[in-house]
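For reference, the structure discussed in these notes is given below.
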Amino acid sequence: MEYIYESAQRSYEDFASGRVLYNAQGTTSFPVRLASEIAQRCFQLLEKKGVQGPYTLFDPCCGGAYLLTVVGLLHGQRIHRVIGSDIHAEVLGIAGKNLSLLREEGLGQRTEQLKELLALYHKPSHQDALQSAGRLRELLRSSRVEETVCFQADITQSEECLASCKGTHIVMTDLPYGDLVSWGGGSNEPVEDFFNGIHPILDPARSVVAVISDKGQKLKHDRFQRIQHVKVGKRQVAIFEPLRMEDKGPNNRTFVPPCC
């Protein structure tokens, strides 16, 4: 993969899971450089459509919301609403804590917690985490994030998230692929149903979808046009635009969206 926006290597240790960001057992983190690159590609595509930020960002398979939080911290000046959902209720507590770091109050609470840990245990790791928290606070100075939301939902059952997520500009998610995390629910075609689930919340003229998965999953759908596709190590990344009613899908079928 050629990095367009994150072309220079730099340290992302401030974003390490368990340092300032909270770690959710049984969930995955995500390469920060790759997350930032994908987000910036989405911003550029929206701007090319004439859609100016700040944007609403939604991850329907958010786990502990690590990916959302990293993007929100790095690019908060271009985002005003961050939404996460997951089928597994047990991870949403950590997701909520991570998303709280996108606001001054939440990061302040985490900083006080780290100070208490340093006073109790005098570990260099806690001192390092405090320094990271200070640098993350500087990022918040330019943030335009006004709202963070997380809730339980199965994205393969589309009706569960429609009301909360209408108007989403960017769907960005790392799909489950059976290492630490696998698909829940009862869908026999979870990737197909994932695309079905997100389509009704998107305005084709004002939205893009970035999907990350292992290379074994087929990232395509009749309701979406794939406009970018890259491979990064064991992962693949595809960016899509939802199709309008009059657009043709890959099988040359006219798509008429379901009645809502």
Side-chain angles (χ1 to χ4, degrees), residues 1 3 5-42 57 59 61-79 82 84 86 88 90-143 145 148 150 172-177 179-181 210 212-214 232-235 237:
M1 173 180 175
Y3 284 84
Y5 300 99
E6 291 289 342
S7 56
Q9 291 275 8
R10 60 189 176 105
S11 173
Y12 297 100
E13 64 181 2
D14 292 338
F15 303 93
S17 182
R19 191 180 181 103
V20 180
L21 275 69
Y22 298 89
N23 181 49
Q25 185 175 3
T27 65
T28 58
S29 57
F30 192 85
V32 177
R33 184 186 183 198
L34 180 57
S36 181
E37 174 72 20
I38 295 169
Q40 291 178 87
R41 290 186 181 213
C42 290
L57 173 66
D59 182 351
C61 305
C62 72
Y66 180 85
L67 176 60
L68 282 176
T69 305
V70 164
V71 173
L73 287 168
L74 284 169
H75 302 291
Q77 73 277 14
R78 306 178 82 167
I79 299 168
V82 180
D86 200 277
H88 300 293
E90 62 272 16
V91 301
L92 295 178
I94 295 296
K97 287 183 177 181
N98 275 327
L99 292 178
S100 77
L101 301 177
L102 300 180
R103 306 295 297 275
E104 285 280 356
E105 181 181 1
L107 186 56
Q109 290 175 353
R110 178 58 165 160
T111 301
E112 290 304 313
Q113 182 185 39
L114 292 170
K115 287 179 180 178
E116 292 173 5
L117 290 171
L118 179 62
L120 283 171
Y121 301 109
H122 307 286
K123 289 186 177 181
S125 60
H126 293 142
Q127 182 63 54
D128 292 342
L130 273 173
Q131 293 174 359
S132 291
R135 289 188 287 269
L136 295 181
R137 181 174 286 106
E138 290 300 313
L139 293 178
L140 290 188
R141 294 184 185 277
S142 61
S143 177
V145 174
T148 61
C150 64
M172 183 174 175
T173 195
D174 186 21
L175 294 183
Y177 35 93
D179 188 0
L180 285 176
V181 181
I212 306 102
S213 79
D214 68 341
V232 191
K234 297 180 179 180
R235 293 178 171 90
V237 181

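No hydrogens, no waters, no symmetry mates; every other heavy atom, side chains included, goes into these values.
Closest non-hydrogen pair, I38 versus A210, comes out as CG2-CB, 3.5 Å. Nearest heavy-atom pair, M172 versus A39, reported as atom, atom and distance to 0.1 Å: CE-N, 4.0 Å. The nearest pair of heavy atoms linking C150 to L99 is CB-CD1, 4.0 Å. A pairwise comparison of heavy atoms in G63 and D86 identifies N-OD2, 2.8 Å as the closest pair. Looking at every heavy atom in both residues, S132 comes nearest to V20 through CB-CG2, 3.7 Å. Contact detail for G84 and L68: the closest heavy-atom pair is CA-CD1, 3.6 Å.
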Open item on the list: Does E105 form a side chain to side chain contact (heavy atoms under 4.5 Å, CB included) with S100? I'd like the steps, not just the answer.
Closed with: CA-CA 8 Å; E105 181 181 1; S100 77; over 6 Å; no
Open item on the list: Pair L34, Y3 - check side chain to side chain contact (heavy atoms under 4.5 Å, CB included), show working.
Closed with: CA-CA 8 Å; L34 180 57; Y3 284 84; 3.9 Å; yes
Open item on the list: Determine whether L102 and L73 satisfy the following criterion, side chain to side chain contact (heavy atoms under 4.5 Å, CB included), listing intermediate values before the conclusion.
Closed with: CA-CA 6 Å; L102 300 180; L73 287 168; 3.7 Å; yes
TODO: Please step through side chain to side chain contact (heavy atoms under 4.5 Å, CB included) for the pair L101 and Y22, ending with a clear verdict.
DONE: CA-CA 9 Å; L101 301 177; Y22 298 89; 4.1 Å; yes
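Residues F15 and T69 form no side-chain contact, since every pair of their non-hydrogen atoms from C-beta on lies 4.5 Å or further apart. The closest side-chain heavy-atom distance from N23 to I94 is not below 4.5 Å. Using a 4.5 Å cut-off on side-chain heavy atoms (C-beta onward), R33 and Q9 make contact.
Scored by the salt bridge (charged side-chain N to carboxylate O under 4.0 Å, His left out) test, R110 finds no partners at all (sequence neighbours excluded). Listed by chain and residue number, R137 satisfy the salt bridge (charged side-chain N to carboxylate O under 4.0 Å, His left out) test with E104 (two or more places apart in sequence, or in another chain).
Salt bridge status for R41 with E37: present, with a side-chain N to carboxylate O gap under 4.0 Å.
Annotation: the span from L67 atom CG to L57 atom CG amounts to 7.5 Å, rounded to 0.5 Å. Interatomic distance, Q109 CD to L114 CG, rounded to the nearest 0.5 Å: 12.0 Å. The distance from atom CG of L21 to atom NZ of K97, rounded to the nearest 0.5 Å, is 13.0 Å. From I212, atom CD1 reaches atom OG1 of T173 across 7.0 Å, with rounding to the nearest 0.5 Å. Atoms CD and CG, from E112 and L107 in turn, are 10.5 Å apart once rounded to the nearest 0.5 Å. Atom CG in L130 sits 10.0 Å away from atom CZ in R19 (nearest 0.5 Å).
Annotation for E138: atom CD counts as buried by contact number, over 12 foreign heavy atoms lying within 6.0 Å.
With hydrogens and angles disregarded, no donor-acceptor distance shorter than 3.5 Å links the side chain of N98 to the backbone of Y66.
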